[in-house]
Engineer: 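Can you read through this structure? Questions will come right after.
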Amino acid sequence: LLQAFFCMGLVLMKANYFPDEALYDPEYKYGEYNVFTRTFILHMVAMGMRGRYYVAWVLADAAAIASGIAYNGQKDGKEKFDKFWAIGIVGVEFGVNSNTTTEYWNHSAHVWLKYYVYTRFMFLGKVGAM
């Protein structure tokens, strides 16, 4: 829950400095800024848009933990609540390749696709087309 409020604060702070409308600004579109400044503005606006999803998914994770859906037993005497989780923010932001980034973006959908769709493309132990 604390993580969701932290993400929400970052999104609100970003909205003051880099609003989504900045991409429609004539100064941005028609070359008043150099390419590095444009890329930086685009990155900051995209990070703010991702932040909205972070807030929603972290709140969904908190609801799953509170309801007990995410309970995964005990390990080393500690309760584990990692059976269901939607997003790994650090894995998305600092993923080293596109596979790890998509794995952490919507983890539950990634696991479902991995076991029920992608494995169907593997024939007789050979790697499939995907």
Side-chain angles (χ1 to χ4, degrees):
L1 207 55
L2 189 61
Q3 190 177 20
F5 288 125
F6 178 74
C7 289
M8 192 180 312
L10 286 178
V11 168
L12 293 174
M13 285 186 348
K14 190 266 339 159
N16 290 334
Y17 297 106
F18 300 100
D20 298 345
E21 293 81 22
L23 298 180
Y24 303 110
D25 188 18
E27 292 179 7
Y28 177 81
K29 288 171 103 175
Y30 300 116
E32 296 291 325
Y33 297 123
N34 62 20
V35 69
F36 299 112
T37 305
R38 283 194 211 173
T39 305
F40 177 73
I41 291 171
L42 180 65
H43 176 71
M44 295 305 289
V45 169
M47 189 170 29
M49 290 181 180
R50 283 193 310 267
R52 297 173 190 162
Y53 291 101
Y54 294 162
V55 171
W57 274 334
V58 169
L59 286 175
D61 286 347
I65 290 171
S67 68
I69 294 173
Y71 183 72
N72 201 12
Q74 292 183 353
K75 184 174 183 180
D76 299 329
K78 291 187 175 184
E79 305 289 333
K80 289 177 36 180
F81 290 95
D82 60 354
K83 188 174 187 178
F84 167 80
W85 56 283
I87 192 164
I89 297 173
V90 175
V92 171
E93 292 294 330
F94 299 109
V96 293
N97 56 25
S98 61
N99 187 25
T100 57
T101 302
T102 56
E103 179 182 348
Y104 285 104
W105 176 252
N106 189 351
H107 183 73
S108 300
H110 175 78
V111 170
W112 182 83
L113 285 170
K114 179 180 176 182
Y115 289 114
Y116 295 105
V117 177
Y118 297 150
T119 55
R120 306 221 182 220
F121 288 101
M122 298 180 71
F123 303 105
L124 301 174
K126 296 180 184 176
V127 176
M130 303 195 78

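Note: hydrogens, waters and symmetry copies are ignored here, and every other heavy atom, side chains too, is used.
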Engineer: Taking atom CZ of F6 as the centre, does the number of heavy atoms from other residues, nucleotides or ligands within less than 6.0 Å exceed 12?
Structural biologist: no
Engineer: Is there a path of hydrophobic side-chain contacts, each under 4.5 Å between heavy atoms of I/L/V/M/F/W/Y residues, joining L113 to Y116?
Structural biologist: yes
Engineer: Tracing side-chain links under 4.5 Å among I, L, V, M, F, W and Y, which residues wind up in one group with W85?
Structural biologist: Y53, Y54, W57, V58, I87, I89, V92, Y104, W105
Engineer: Should we count NZ of K80 as having more than 12 external heavy atoms under 6.0 Å?
Structural biologist: yes
Engineer: Is there a path from Y24 to I41 through hydrophobic residues (I, L, V, M, F, W, Y) whose side chains come within less than 4.5 Å of each other?
Structural biologist: no
Engineer: Can you tell me how far the CG atom of N97 sits from the OG1 atom of T102, to the nearest 0.5 Å?
Structural biologist: 8.0 Å
Engineer: Taking all non-hydrogen atoms of both residues, which atom of V11 and which atom of R52 are closest, and how far apart?
Structural biologist: CG2-N, 3.9 Å
Engineer: How long is the span from the CZ atom in F18 to the CG atom in L42, to the nearest 0.5 Å?
Structural biologist: 11.5 Å
Engineer: Work out which heavy atom in P19 is nearest to a heavy atom in N16; give both atom names and the distance.
Structural biologist: CD-O, 4.4 Å
Engineer: Between V55 and L12, is there shared hydrophobic-cluster membership here, with clusters defined by ILVMFWY side-chain heavy atoms closer than 4.5 Å?
Structural biologist: yes
Engineer: Is any NZ, NE, NH1 or NH2 atom of the basic residue among R50 and E93 found under 4.0 Å from an Asp or Glu carboxylate oxygen of the other?
Structural biologist: yes
Engineer: Quick one: does any side-chain atom of D61 pair with a main-chain N or O of A64 as donor and acceptor, under 3.5 Å?
Structural biologist: no
Engineer: OG1/T101 to NE2/H110 distance, rounded to the nearest 0.5 angstrom?
Structural biologist: 11.0 Å
Engineer: Same hydrophobic cluster for M47 and M49, using side-chain heavy-atom links shorter than 4.5 Å among ILVMFWY?
Structural biologist: yes
Engineer: Are F36 and M44 joined in one hydrophobic group, where the rule is that I, L, V, M, F, W and Y side chains link up if heavy atoms are under 4.5 Å apart?
Structural biologist: no
Engineer: Where do G95 and T100 come nearest, in terms of heavy atoms and distance?
Structural biologist: CA-OG1, 3.6 Å
